[in-house]
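When a ligand or atom number is given, it counts from 1 through the structure's own listing order.
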Amino acid sequence: MSSCPLPSRISLNNHLYASGVSDELRHLINDIARGGKYVQNAIRTTDLGLAGSSNTFGEDQLKLDVLSNRIIKEELCESRLVHSFASEEESDELQELVVNAPYTVVFDPLDGSSLVDCNLAIGSIFGIYESKGGLIGKKPRDQVAALYLVYGPRTILVYSAGKGAHAFYLNEVGEFNLLQKNLMMRDEVKTYAPGNLRAVVDTPAYRKMMNLWLDEGHTLRYSGGMVPDIHHMLIKGAGIFTNIGGSKYPKGKLRLLFECGPFAYITEQAGGASSDGTKSILDIEIRDLDQRTPIIIGAKKEVKRVSEVLKS
Ligand code: F6P
Ligand code: MN
């Protein structure tokens with residue numbers, strides 16, 4: 001019999017352990033979470049509006065997205081579990097770290113960084129693959145885990161390692177504790193988050209979809225940050241988010257590897273769906289690291305309906 005007292009809180013590490021996640025993957029997720037704490041600290045302490053130039057003392061400041069990229073890279077190096085990584089900040093090639101290490105990590109270190117000066121919520125996104133066989137030819141369904149952090153008034157981390165999606169909040173002593181286990185999306189629209197809306201100019205079917213949402217009286221919930229916008233849906237358990245092709249962005253603005261793949265993995269684990277208009281985002285073959293894809297993600301039936309309207 002264990003002499004440990006019943007825990008008064010469930011830490012991220014505890015949850016990973018109790019869910020039967022392998023020790024190596026548990027370590028890596030903990031290491032990434034630590035990186036996220038340093039990113040949130042950088043966001044809180046960098047002089048607003050001055051990132052990328054010099055601060056009030058005349059010291060040079062790295063742009064926050066560049067700094068976040070460096071923070072995450074350091075964490076991945078230190079973990080010794082990462083064979084290779086690709087970052088949205090330098091997405092041209094896979095960079096190697098430790099030969100024979102088990103994982104390849106893909107990440108967007110600071111998504112929505114253009115919202116920083118407005119003090120809106122932003123986030124970091126991660127997908128974890130086994131390193132064997134590289135990335136090209138694999139699909140986001142091959143991820144062994146995915147997670148994101150949303151830096152808002154509070155910092156929240158959501159992960160899935162294939163057994164549901166679970167949310168944790170960062171407490172005052174710097175630990176992630178369980179906020180909500182098994183996030184569950186219902187088949188309800190309620191709110192819509194229509195990205196790349198400029199596409200209505202040359203994609204009439206998107207305008208038609210937009211009009212349907214307006215006529216049906218749904219509520220718009222769109223901040224322009226993919227992380228808080230999808231997080232909103234996952235926490236409320238309802239909604240639809242789109243970023244489809246048209247106008248300046250023929251395939252939409254978002255990237256398969258760094259943004260859409262991890263969110264598709266987490267959302268499908270929460271009972272929602274994702275699609276590029278034809279098939280699940282999880283079934284798109286990775287052909288290059290920088291590949292973009294249209295994305296429709298959220299409540300299952302609505303993903304299907306939007307896909308059908310967009311084909312019309
Ligand atoms: O990474 C790009 C990003 O900032 C996402 O966070 C967000 O969902 C998207 O751009 C917003 O796109 P748009 O400006 O087309 O609505
Ligand atoms: Mn991004």
Side-chain angles (χ1 to χ4, degrees), residues 32 35-36 39 43 51 63-73 85-92 105-127 140 146-152 156 158 191-203 206-207 209-210 213 220-234 239-267 272 274-277 281 288-298 303 306 310:
I32 291 174
V39 173
I43 296 166
K63 275 184 83 173
L64 261 180
D65 43 8
V66 178
L67 180 57
S68 308
N69 191 43
R70 199 166 85 181
I71 291 170
I72 303 292
K73 271 163 64 172
F85 72 87
S87 161
E88 204 227 29
E89 275 294 310
E90 31 188 344
S91 56
D92 37 342
V105 179
V106 297
F107 62 98
D108 183 349
L110 201 63
D111 179 75
S113 52
S114 67
L115 302 173
V116 168
D117 54 353
C118 316
N119 201 23
L120 287 176
I122 47 184
S124 305
I125 314 167
F126 301 86
L147 61 147
Y148 66 83
L149 291 105
V150 55
Y151 313 109
I156 291 178
V158 174
T191 58
Y192 60 111
N196 194 24
L197 199 54
R198 54 187 84 71
V200 299
V201 171
D202 56 9
T203 313
Y206 199 24
R207 189 183 290 271
M209 195 62 243
M210 188 70 200
W213 285 324
L220 177 76
R221 278 293 174 271
Y222 192 71
S223 74
M226 183 187 202
V227 182
D229 286 336
I230 296 188
H231 180 66
H232 178 275
M233 278 189 336
L234 286 166
I240 185 81
F241 171 98
T242 53
N243 198 300
I244 66 119
S247 188
K248 265 166 55 187
Y249 302 99
K251 292 198 152 184
K253 273 178 83 174
L254 302 174
R255 286 169 174 86
L256 177 65
L257 207 53
F258 309 109
E259 294 160 324
C260 300
F263 271 116
Y265 187 88
I266 292 168
T267 303
S274 72
S275 175
D276 65 353
I281 296 286
D288 76 80
L289 304 184
D290 212 18
Q291 182 174 340
R292 290 181 204 244
T293 176
I295 181 169
I296 306 154
I297 186 165
V303 168
V306 177
L310 290 179

Which heavy atom of the protein is the closest neighbour of [atom], given with residue, atom name and distance?
atom: atom 10 (O) of ligand 1; value: Lys253 NZ, 3.4 Å
atom: atom 6 (O) of ligand 1; value: Asp111 OD2, 2.6 Å
atom: atom 7 (C) of ligand 1; value: Gly224 O, 3.3 Å

Quick one: does [X] get within less than 4.0 Å of ligand 1, heavy atoms only?
X: Glu259; value: yes
X: Glu88; value: no
X: Tyr222; value: yes
X: Asp229; value: no

Heavy-atom donor-acceptor pair, [X] side chain to [Y] backbone, under 3.5 Å:
X: Asn243; Y: Lys253; value: yes
X: Asn196; Y: Ile244; value: yes
X: Ser247; Y: Ala199; value: no
X: Ser68; Y: Leu110; value: no

**OP:** Identify the heavy atoms of Tyr151 and Ser124 that sit nearest to each other, and give their distance.
**Re:**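 Taking Tyr151 first and Ser124 second, the nearest heavy atoms are OH-OG, 2.6 Å.
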**OP:** Measure up the Phe107 and Phe85 rings against each other and bin them: parallel (under 30°), tilted (30 to 60°), perpendicular (over 60°).
**Re:**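 The arrangement is tilted - the two ring planes meet at 30° to 60°.
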Original post:
the Mn ion (ligand 2) is nearest to which N, O or S atom of Asp111?
Top reply: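 Nearest N/O/S atom of Asp111: OD1.
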[X] neighbourhood, listing ligand 1 atoms whose heavy-atom distance to it stays under 4.0 Å:
X: Asn243; answer: 12 (O)
X: Met226; answer: 5 (C), 6 (O), 7 (C), 8 (O)
X: Asn196; answer: 13 (P), 15 (O), 16 (O)
X: Phe241; answer: 8 (O)

Original post:
Looking at ligand 1, does any of its N/O atoms fall within less than 3.5 Å of an N/O of Asp108?
Top reply: no
Original post:
Do Arg221 and Asp229 sit within salt-bridge range, that is, some charged N less than 4.0 Å from a carboxylate O?
Top reply: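 No, no charged N to carboxylate O under 4.0 Å.
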Original post:
Hey, is Glu89 close enough to Lys63 for a salt bridge, meaning N to O under 4.0 Å?
Top reply: no
Subject >> Greater than 12 external heavy atoms within 6.0 Å of Arg292's CZ >> reply: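 Result for CZ/Arg292: enclosed.
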**OP:** Work out the angle at the Mn ion (ligand 2) between OD2 of Asp108 and OE2 of Glu259, rounded to 10°.
**Re:**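 An angle of 100° at the metal.
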